Amino acid sequence: VVFHKTPTHRVYHRLVLGLSISDMVASVVNILSTWPIPEGTEGVYLASGTTQTCTAQGFFNELGNLATPLYNASLCAYYVLVTRNNWMEARIRSKAEPLMHILPVAISSTIAVLGLPFKLYNNSGWLCWIATYPSGCQATDTCTRGENADIFRWVHYAIIWSAILLVTAGMYSIYRMVKRQELIQSQEMNAEVVYRGTKSKKVAIQAALFVGALYLTWIFTTITRIYQIATGNNSYVLLVLMAIFFPLQGFFNCLVYLRPRYLRSKSRNRDATVRRLMYLTLHHESHPIHGLQNMNRRGHQEVDERGRRRSLTASYYSMGNSKFRANSIGESGADNSCDASYSINTVNAIASASDYNSEAIEQPTDDRVAQPTDIRATLDAVDETRTTSDTPDIQELVNK
């Protein structure tokens with residue numbers, strides 16, 4: 001988002017921006033750790049704050065930590081709409097994007113604000129969050145703050161795990177769709193062209209990492225809070241695990257987001273060191289450092305503008321379509337591949353359609369060609385050796 005020339009011109013970029021902001025809010029709160037806890041609190045190291053600082057930390061803690069998984073769910077919904085439902089960018093922008101931002105912001109803000117009049121934000125172990133005060137006061141009915149803490153904790157985790165389960169279901173549905181499209185391709189194309197399991201394996205790995213980051217972030221936190229509710233005490237081991245993994249949710253998201261870009265840089269620069277690859281990964285493909293490398297390697301001084309806008313996912317996975325098309329022409333002297341490619345509507349062709357929604361495309365005269373997305377994917381594949389891309393949405397999920 002930061003390095004892109006127009007960082008918020010697509011729905012995907014705005015969703016990533018919202019996710020990043022919520023991650024930053026939660027991370028800053030976690031960095032403060034025990035400092036905002038009221039000074040003199042028994043058993044808390046470096047407690048230097050007041051009730052007001054503890055309340056502020058608890059408020060932003062709840063705000064950021066609720067918005068992050070909800071934005072993950074919105075990002076997953078974006079993937080599903082583009083891949084499974086074949087929605088174009090304009091349609092997503094007008095019909096779905098408002099809800100993708102309103103729901104995370106509204107839900108997290110509502111719960112966070114409700115915590116203020118109920119005096120929910122108190123010392124919860126290693127930072128301020130929803131907790132009773134004094135600790136363990138419910139057993140003796142002597143609470144002066146946070147009497148309804150347990151209720152709000154259950155609401156908090158119900159929202160969190162509902163979002164995580166939605167992400168899990170969404171990623172699995174995308175994997176199943178790609179797997180189904182592979183079976184269609186295997187029936188329509190030669191065995192030499194179709195490499196069965198390649199796309200579905202890539203999708204499965206990236207989806208597992210996307211979902212796994214959420215589970216790794218929230219599993220120890222959830223277990224710790226359940227233990228506190230059940231026993232009324234803290235577990236030192238669980239608190240340490242929670243303190244290690246919970247603040248890393250933004251770091252995990254960053255790794256998952258950058259992984260496809262790292263693999264692409266590695267495939268294009270096989271002799272580069274890990275340090276060099278990491279440097280390239282931190283710069284978007286539209287950055288001059290990539291353009292200069294591509295021109296030097298390919299011997300081109302100009303980069304086709306249309307090629308720079310194409311979907312890397314479409315070009316990478318539609319190579320089979322173009323090869324099949326070339327084989328069909330070579331064997332029969334005529335183009336007989338349209339009927340076969342007609343039924344192959346994969347995630348890659350759908351992704352390319354989103355990139356070209358604002359361009360005027362000349363309509364083909366051949367009645368057999370019913371899906372322009374497949375034609376775009378095939379044309380993109382033909383230009384594979386001389387083009388680059390700056391569109392990071394669906395290819396970031398599945399591309400190598």
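Just so you know, these numbers come straight off a predicted model, no measurement behind them.
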Review point. Taking atom CZ of F246 and atom CG of L127, what is their separation to the nearest 0.5 Å?
Key: 7.5 Å

**Study point:** Same cluster (ILVMFWY, side-chain, under 4.5 Å), V237 and M242
**Key:** yes

Practice item. Run the numbers on F210 and N72 for side chain to side chain contact (heavy atoms under 4.5 Å, CB included), then give the verdict. Key: CA-CA 9 Å; F210 188 81; N72 273 288; 3.7 Å; yes

Study note, to complete from the structure: Note: Y121 and A112 closest approach over all heavy atoms is OH-O, 2.6 Å

Check your understanding: Can you tell if the side chain of N30 reaches within under 4.5 Å of the side chain of W126, non-hydrogen atoms only?
Key -> yes

Check your understanding: How many angstroms lie between atom CD of Q57 and atom CD1 of I37, to the nearest 0.5 angstrom?
Key -> 6.5 Å

Exercise for review: Considering non-hydrogen atoms only, spot the tightest contact between A213 and T217 and give its length.
Suggested key: O-OG1, 2.7 Å

Check your understanding: When you look at OH of Y262, are more than 12 heavy atoms from neighbouring residues, nucleotides or ligands closer to it than 6.0 Å?
Key -> yes

**Study point:** Separation of L120 CG from E147 CD (nearest 0.5 Å)
**Key:** 9.0 Å

Check your understanding: Roughly how far, to the nearest 0.5 Å, is CD of E62 from CZ of R153?
Key -> 10.5 Å

Check your understanding: Is the shortest heavy-atom distance from the side chain of Y78 to the side chain of W87 under 4.5 Å?
Key -> no

Exercise for review: Could you tell me which non-hydrogen atom of Q206 sits nearest to which non-hydrogen atom of V256, and how far apart they are?
Suggested key: NE2-O, 2.8 Å

Review point. Any side-chain heavy atom of Y71 sitting closer than 4.5 Å to one from T68?
Key: no

Review point. Under 3.5 Å, side chain of S173 to main-chain N/O of G170, donor-acceptor pair present?
Key: yes

Revision key, fill the gap. Scanning both residues in full, the closest heavy-atom pair of L66 with I107 reads CD1-O, 4.4 Å

Review point. Roughly how far, to the nearest 0.5 Å, is the SG atom of C254 from the CG atom of L19?
Key: 10.5 Å

Study note, to complete from the structure: Rounded to the nearest 0.5 angstrom, the CG-CG distance for N253 and L258 is 10.5 Å

Review point. Which is it for Y172 and R176 under the side-chain hydrogen bond (donor to acceptor under 3.5 Å, both in side chains) test, yes or no, and what are the steps along the way?
Key: CA-CA 6 Å; Y172 180 72; R176 288 293 302 271; 3.2 Å; yes

**Study point:** side chain to side chain contact (heavy atoms under 4.5 Å, CB included) assessment of F59 paired with V29
**Key:** CA-CA 10 Å; F59 174 83; V29 168; over 6 Å; no

Practice item. Step by step, work out the side chain to side chain contact (heavy atoms under 4.5 Å, CB included) result for Y12 and E89. Key: CA-CA 9 Å; Y12 174 81; E89 179 82 4; over 6 Å; no

Check your understanding: How close do T41 and N123 get, heavy atom to heavy atom, and via which atoms?
Key -> CG2-ND2, 3.7 Å

Check your understanding: Is it true that a side-chain atom of S124 and a backbone atom of A131 form a donor plus acceptor pair closer than 3.5 Å?
Key -> no

Exercise for review: Grab the two heavy atoms, one from M171 and one from Y79, that are nearest each other, plus how far apart they are.
Suggested key: CE-CD1, 3.7 Å

Review point. Given the rule that I, L, V, M, F, W and Y join up when any side-chain heavy atoms are under 4.5 Å apart, are L165 and L216 in one cluster?
Key: yes

Review point. How about M100 and L81: do any of their side-chain heavy atoms sit closer than 4.5 Å?
Key: yes

Review point. Is the backbone N or O of A106 less than 3.5 Å from a side-chain atom of S109, with the two atoms forming a donor-acceptor pair by type?
Key: no

Check your understanding: OH of Y133: more than 12 outside heavy atoms within 6.0 angstrom?
Key -> no

Review point. Is the shortest heavy-atom distance from the side chain of T55 to the side chain of R145 under 4.5 Å?
Key: yes

Exercise for review: Using the side chain to side chain contact (heavy atoms under 4.5 Å, CB included) rule, pick out the option among N148, T132, N122 that qualifies with C143.
Suggested key: T132

Review point. Side-chain contact, heavy-atom cut-off 4.5 Å: I130 with R225?
Key: no

Exercise for review: Kindly work out whether a path of hydrophobic side-chain contacts (I/L/V/M/F/W/Y, heavy atoms less than 4.5 Å apart) joins W161 to L75.
Suggested key: yes

Review point. In the single-linkage hydrophobic clustering (I, L, V, M, F, W, Y; side-chain heavy atoms under 4.5 Å), do I223 and Y236 co-cluster?
Key: yes

Point to revise | Minimum side-chain heavy-atom gap M278-V274 below 4.5 Å | key: yes

Check your understanding: Side-chain contact, heavy-atom cut-off 4.5 Å: T83 with M177?
Key -> yes

Exercise for review: Under the side chain to side chain contact (heavy atoms under 4.5 Å, CB included) rule, what do R268 and L280 come out as? Steps first, then yes or no, please.
Suggested key: CA-CA 11 Å; R268 293 194 295 259; L280 293 173; over 6 Å; no

Check your understanding: Applying the 4.5 Å side-chain criterion to the ILVMFWY set and letting contacts propagate, would V167 and I205 be lumped into a single cluster?
Key -> yes

**Study point:** Donor on one side chain, acceptor on other, Y279 and R275, under 3.5 Å
**Key:** no

Point to revise | Greater than 12 external heavy atoms within 6.0 Å of Y215's OH | key: yes

